[in-house]
Amino acid sequence: MSQQAKDSTETAAQTARRELPKAYDPAAIEDRWAEYWVRERLFEVKTPSPEELEKLHAQSNDVFTILLPPPNVTGRLHMGHMLNQTEMDILTRWRRMRGDLALWLPGTDHAGIATQMMVERQLTSEGTSRQALGREKFVERVWEWRRHYGGAILDQMKRLGASVDWSREYFTMDENLSVAVREAFVRLYEQGLIYRGAYIVNWCPRCQTAISDLEVVHEEQTGKLWEIRYPVIGAENEFVTVATTRPETMLGDTAVAVNPLDERYQGLIGKTLRLPLVGREIPVIADEWVKSDFGTGAVKVTPAHDPNDFAIGQRHKLAAISVMDETAHMNAEAGAYAGLDRYVARKKVLEDLEAQGLLGAVREHVNSIGKCDRCKTVVEPRLSTQWFIAVNKAPEGGGDSMAELARKAVRADAEGKKAIRFTPEMYEKVYLEWMNNIYDWCISRQLWWGHRIPAWHCAGCRKITVAREDPTQCAHCGSADITQETDVLDTWFSSGLLPVTVFGWPRHTRDLDVFYPTQLLVTGFDILFFWVARMIMLGCWFSKDVPMADGSPRALADSVPFREVYIHALVRDADRQKMSKTKGNVIDPIAIVEQYGTDAVRFTLASMASPGTDIAFSEARTEGYRAFANKIWNAARFIFMNVERAREVGVAVDSSALGGTPKVGEGAPIEARWIASRLNTVALEVNAALGEYRFHEAANTVYQFFWGDFCDWYLEIVKLRLDFGEGAEKAVVRSALTTLLETFEAALRLLSPFMPFLTEELWHAVYEGEAPAKSIALTRYPMGSESGVHADEASEIMMLLQNLIIDLRALRKERNVPERERVPAIYFVSDKANQLVQRNIDIVRHLAKVTEVKPQPHDVLAGRVGRRRGVAWDVDLVFEAAIDTAAERERLTRELAKLEKAVASAERQLGNEAFLAKAPAAVVEGLKKQESENRVLLEKTRKAMEELGAE
RNA sequence: GGGCGGUUAGCUCAGCUGGUUAGAGCGCCUGCCUUACAAGCAGGAAGUCGGGGGUUCGAGUCCCUCACUGCCCACCA
């Protein structure tokens, strides 16, 4: 450790003294550790050498790589991010502590449209504009913006303690990533998989760019369906009536189509119509796409403004006439309507048609209308020249198309193996369904901020030169009169490449050998198609040509960008409403974190994150987990206090075994053997749960263990051993404290992935600033051992004691025994059970506040109304108090009903031969035991009822 | 138009491949400042698992159906 590092460790640990404040205050510790983790570069991962990797594997550990879904640079952390990051951090910390080489890679996305809009807004407020600045200046301006504000979301992430490797942080517009993006584009172009052409695309008139199908959100809306009469040329008063929801587009009609089988129109096919308002002559054509039963059965065809019409136009070689410009205003082709906004033009067109008597019926019509995902402007299908990836096209040399590769990666192969596994599994279906119906991907955007398409247009021969290095002349005719394409690439093109580009692709790097494929992707459903699907397509496509580290060819299973995908839920508000700015119900994670502490919020999210279920985030619950943090804090105070007291009387705790699992010998007291066994079981359960992304189960298991077992029972019992008085046995104190500290330290490690701040603070305090590592995050996770689960005599004895104590406490309550008063108890019990109880009588006396528990013959107990009847004993307090017979009768009645029901159902089952024959022996045995116990209880309860009635 | 979820205590949710008497947190009721913690401790009440049908020795869990509810996908003008 360098001197500087050592100093900072000490500084951080200095406050980690054992004199902890009475109440847990997250604000006092979290910033400090968040900063420390970053400053100490704790989570940086050096690329391992082959030898190091071999060593790792020899210890049956592995590389665990996880890529942070890059938030937009413009982003602010929201609850979804926090859930996402909490889950990733829990898994990464857990894997790291298990001994894996855990690399979590952070970065941000340049987010083309979002960022451009942000900066444009800024320019508007300054009274200028993107256009006024010009492209070059504007892009500079965006970079400047990014330098100032782009780190915000990652800073928030640092505050939340995400254990990422900051040294590897990337930005999708970084030089090296840009080079890779360009290489990918050029390769696809060379492979004939990128083409440029004029097609109908979704166009946002406000953003003034093409957007992909995915960026269009559909909304059901009740609109109108207008019928318009188109006069037939050469036939007086004969019309073809078409139906449309967008009458203004008629100005660009170049045909009317009918179904070839539609009898109504047989005579009209091939005739010519006069397009109203425009006067153009357009043909009536027959196309099977037309559905006779919709509208009038005749469709106006506007190839430049509708994707279906465009397809018809192609089939029938129709002209495509655009009547709108990029802002959705009518253009010169619209004649008298030129310059009007599309909706103004619609109104005018309808008025004019009406005036000419060409407007027919107007009907209410429900249809779904496409809006721009980003700005909610109604999207206009627009004919424009764009760049596309042919995702369904097989490469020239043969082989699978990009989409097919992406399907194979998820489908089970002949052996039932899947290269990529989804959790929850149902998303596989969703993904495959989408991939089965995928269209070519429009990757060009008419923006300035983004990766500019590396294509040059030649003014001479009009051909395109696509190149890795900026060309000086046309590759086809040699002309120097070339200009670069102005479009940039869809943001998802570059982010879809991240799993390969972050590791240095297109170079074949050591990083690529070691870290690719990544192990896991954790993300929300909302970007399954946008990003997850694109990464699978592009990742498989480009990595398949990269040989494995040993030079062998890469199989599909090793060319996937990640081996597993965990899709998490949506975080909703406490009323299950989707959080949205317009509803004003957005919960700011940072505000919540400031109020309750990061650990409490993390724990809340984890405890509710059961796969496949949305999370209704409730502050009430967070409050509960802050209480949990406080509980841990106070347990620490209690422990440290006692270690201190022990030190004062010359008892030193043996700290040599810290960092492992508590070593508890045969002769150790029951509570020590029991808690060690519980810890072992809990460790097994937590590890198993995390392995299946069952965060809620893992969280709840540690919670129950720490609060229920460790604090409520173990700690209370241990108090008995902590006698620092004159004649105290020092060995007992020492041994108890040692186990206590060991268990606590192990529990902290168990909790650490969920509550990294609190556990870090307390862990350093356990070692009084002399910790064996820089962070608890670098210690080993308690794994639990299968062999420790069996032969669990301690648990059985403990359960016996717990049940007795619970009975006694209940009796105290029923009899209204004053809280401070200790009273004797008597019970009728088996000799064996009595021996166990007497051997641990101090525990019972302490926890149940009794002076003694004396065995008595049955008759002594029999007459006592209100005694507790269990399977193992009849027990009662010796305390004069009026018994509330009414309450007692009520309780007995309830109990009777329950027992009768249980016994009856058990009898029914046990009397059933089919059950005895078919059910597994263990189930039958269990039921038999249950039944006989219940029968005893039932008998006892009935008797008690009689006794009660006799009084 | 297709497809996928959900419906369990007053509230928010667990309950994995069907197996003994369905759990947790919050809230509620009762009593306690028992010197780690009142952000606490102890005791307690509370559910015919959305309705109906079926399979099974056995169903909250599997199948069918209905109801309500949420989401995704889709080029009916």
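So that the names make sense, note that chain A is the first sequence line, chain B the second, and so on, each numbered from 1.
- Using a 4.5 Å heavy-atom cutoff, the side chains of A/Phe695 and A/Met608 are not in contact.
- Comparing the same atom, C1', in B/G60 and in B/A14 gives a spacing of 12 Å after rounding to whole Å.
- In this structure, A/Glu931 reaches neither bases nor backbone, as no heavy-atom distance under 4.0 Å exists between it and the strands shown.
- Residue contacts shown for A/Ile806 are limited to sugar-phosphate atoms, with no base heavy atom under 4.0 Å away.
- In this structure, A/Asn912 reaches the sugar-phosphate backbone alone: every heavy-atom distance under 4.0 Å involves primed, P, OP1 or OP2 atoms, never a base.
- If you run salt bridge (Lys or Arg N to Asp or Glu O under 4.0 Å) between A/Asp876 and each of A/Arg812, A/Arg868, A/Arg815, only A/Arg815 comes through.
- Taking atom C1' on both B/U7 and B/U12, the two are 14 Å apart, rounded to the nearest angstrom.
- Using C1' as the reference atom, B/G19 and B/A59 are 10 Å apart when rounded to the nearest Å.
- Residue A/Glu219 contributes atom CD, which lies 13 Å from atom P of B/C73 at whole-angstrom precision.
- Distance noted for atom C1' between B/A74 and B/U8: 35 Å (whole Å).
- Rounded to whole Å, the separation between the P atoms of B/A9 and B/G3 comes to 30 Å.
- Contacts of A/Arg621 with the nucleic acid, taken as non-hydrogen atoms under 4.0 Å apart, include base atoms.
- Across the protein-nucleic acid pair, A/Asp25 atom CG and B/A39 atom P stand 15 Å apart, rounded to whole Å.
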